[in-house]
Each structure stands twice: as C-alpha cells, then as structure tokens.
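Note sheet for the following structure.
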Amino acid sequence: MNIKRLVVSAAISWVLGVSAYAASFMLNILDDAELQANLVLMLALLPSVIIAIRFYFNKANPVNGFVLGLSMFGIAMLLDALITVPVFIIPMGGSYLTFFSDPGFWMIALEYILVVVLYTNWRQRMAVQ
C-alpha cells in the first residue's frame with residue numbers, strides 16, 4: 001500500500017466532505033440543520049470518495065478494498081479529531097463525545113468504507129476484462 005497516496009487520497013475525500021457538510025448549513029431546506037448536513041454529506045461522499053480512490057490508483061498498485069477503505073476512513077477520522085471537531089463542532093456546543101458517538105457518523109463511516117470496497121472491486125474486475 002502506498003502510504004503517501006493513501007494519506008493524500010483520504011485528505012481529498014475529507015476536504016470535499018467537510019466542504020459539503022459546511023456548505024449545507026448555508027441552505028435552510030430542512031428544519032433540522034444537522035440532519036440536513038448529514039444527508040448532504042452522505043450524498044457528497046459518493047463522488048468525493050470515488051475521486052480520492054481514482055487519485056490513489058493513478059500510480060498505486062491494486063490493494064484489498066476493505067483494507068483501503070478502513071485505512072482511508074481512519075485517516076479521515078483522525079482529521080476529524082484534529083480539525084473538524086475543534087473548529088466546527090466544539091464552537092457550536094458539541095464535543096468529541098457527541099461527534100464520535102453520533103449514529104449518523106457511523107452510518108457515514110459504513111458508507112465510506114462500502115463505497116471504497118465496491119469501487120475497488122469494480123475497478124479490479126474491469127481491469128481483468
């Protein structure tokens with residue numbers, strides 16, 4: 001696994017995801033702004049993770065999609081702990097505990113890993129044909 005490309009790929013998806021999450025607060029479509037932000041993030045994860053994976057595979061060898069997904073999400077989670085929570089969550093009255101214990105966070109984690117696994121498997125199948 002190419003660690004440098006892994007970190008950059010995870011950072012790409014994290015930046016795109018946080019940007020979509022933060023931008024969602026500028027539109028008042030739903031009464032629950034937090035739910036709206038999580039829904040926007042869930043939709044934005046699909047293209048952002050695919051962009052990140054494509055960057056990773058641009059010059060890296062194929063790897064197990066599940067390991068890649070866990071690794072990328074682990075780095076994104078670290079970035080959340082270092083940047084997202086202190087900059088966005090704590091000033092709004094949240095905490096590390098509320099952020100990381102939110103079921104929505106873990107649903108997004110499952111989606112993130114699943115998108116990586118499915119896209120990686122699809123990409124490897126297409127390479128064989």
Side-chain angles (χ1 to χ4, degrees):
M1 188 175 299
N2 186 320
I3 302 300
K4 182 179 177 183
R5 292 194 84 71
L6 173 70
V7 171
V8 173
S9 296
I12 288 169
S13 67
W14 177 82
V15 166
L16 294 172
V18 169
S19 298
Y21 182 86
S24 73
F25 285 102
M26 295 179 191
L27 299 171
N28 291 329
I29 298 171
L30 300 177
D31 291 334
D32 186 350
E34 188 67 32
L35 174 62
Q36 177 180 306
N38 280 334
L39 291 173
V40 167
L41 178 57
M42 289 182 94
L43 291 173
L45 269 184
L46 293 170
S48 67
V49 170
I50 289 171
I51 289 167
I53 296 168
R54 290 180 66 133
F55 174 82
Y56 177 82
F57 282 125
N58 192 27
K59 292 185 180 176
N61 295 327
V63 296
N64 181 294
F66 185 68
V67 173
L68 181 62
L70 281 176
S71 301
M72 286 178 67
F73 181 73
I75 292 167
M77 195 166 135
L78 179 63
L79 290 169
D80 279 338
L82 295 173
I83 300 168
T84 306
V85 175
V87 173
F88 297 108
I89 305 302
I90 292 175
M92 306 240 338
S95 68
Y96 284 96
L97 180 62
T98 59
F99 183 81
F100 287 111
S101 65
D102 181 10
F105 175 82
W106 294 106
M107 291 298 293
I108 290 167
L110 288 173
E111 178 191 6
Y112 191 110
I113 295 166
L114 186 62
V115 169
V116 174
V117 168
L118 292 175
Y119 186 82
T120 302
N121 287 344
W122 174 80
R123 183 177 166 86
Q124 290 172 351
R125 284 191 185 135
M126 290 297 116
V128 171
Q129 293 179 355

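Heavy atoms only: backbone and side chains are in, while hydrogens, waters and symmetry mates are out.
Closest heavy-atom contact between P86 and A81: CD-O, 3.5 Å. Between W14 and D80, the shortest heavy-atom distance links the atoms NE1-OD1, 2.9 Å. Residue Y21 comes nearest to A37 through the heavy atom pair CE1-CB, 3.3 Å, listed as atom of the first residue, atom of the second, then distance. Counting all heavy atoms, side chain and backbone alike, V67 lies closest to M1 at CG1-CE, 3.4 Å. Annotation for Q36 and N28: closest pair OE1-C, 4.0 Å, computed over non-hydrogen atoms. In terms of heavy-atom proximity, A11 sits nearest to L79 at CA-CD1, 4.0 Å.
In terms of hydrophobic clustering, with Ile, Leu, Val, Met, Phe, Trp and Tyr side chains grouped at heavy-atom distances under 4.5 Å, L114 and Y119 are assigned to different clusters. Hydrophobic clustering, with ILVMFWY side chains joined whenever heavy atoms are under 4.5 angstrom apart, groups F57 together with I3. L68 and F66 fall within a single hydrophobic cluster, where Ile, Leu, Val, Met, Phe, Trp and Tyr side chains are chained together by heavy-atom contacts under 4.5 Å. By the rule that hydrophobic residues join a cluster once side-chain heavy atoms approach within less than 4.5 Å of another member, I83 and V15 end up as members of one cluster. By the criterion of side-chain heavy atoms lying less than 4.5 angstrom apart, applied directly or through intervening Ile, Leu, Val, Met, Phe, Trp or Tyr residues, V40 is not grouped with V49; the two fall into different hydrophobic clusters.
In this structure, the separation between CG on L6 and CG on N2 is 8.0 Å, given to the nearest 0.5 Å. Taking CD1 of I90 as the start and OG of S95 as the end, the distance is 7.0 Å to the nearest 0.5 Å. Atom CD1 of I113 and atom CG of L45 lie 11.0 Å apart (nearest 0.5 Å). Remark: N58 CG to I53 CD1 distance equals 13.5 Å, nearest 0.5 Å. Taken from OG in S71 to CG in N64, the straight-line distance is 9.5 Å, to the nearest 0.5 Å. Rounding to the nearest 0.5 angstrom, the gap separating the CG atom in D102 from the CG atom in L97 is 10.5 Å.
Between the side chain of T120 and the main chain of V117, no donor-acceptor pair closer than 3.5 Å is present. Judged by distance alone, the side chain of W106 and the main-chain N or O of F100 form a donor-acceptor pair under 3.5 Å.
Contacts of F99 classified as ring pair (Phe, Tyr, Trp, His ring centres under 6.0 Å), with partners at least two apart in sequence or in another chain: F105. In terms of the ring pair (Phe, Tyr, Trp, His ring centres under 6.0 Å) criterion, Y56 has no residue partners (sequence neighbours excluded).
Under the 3.5 Å distance criterion, with hydrogens and angles disregarded, a donor-acceptor pair is assigned to the side chains of S13 and Y112.
Through direct or relayed side-chain contacts under 4.5 Å between Ile, Leu, Val, Met, Phe, Trp and Tyr, I12 connects to V8, L16, I51, F55.
The 12-atom threshold is exceeded at CZ of F25, counting heavy atoms of other residues, nucleotides or ligands nearer than 6.0 Å. Other residues, nucleotides and ligands contribute at most 12 non-hydrogen atoms within 6.0 Å of the CG atom of D31.
Residues L30 and L39 meet the side-chain proximity criterion, which asks for heavy atoms closer than 4.5 Å. Considering only heavy atoms from C-beta on, N121 comes within 4.5 Å of Q124 through its side chain.
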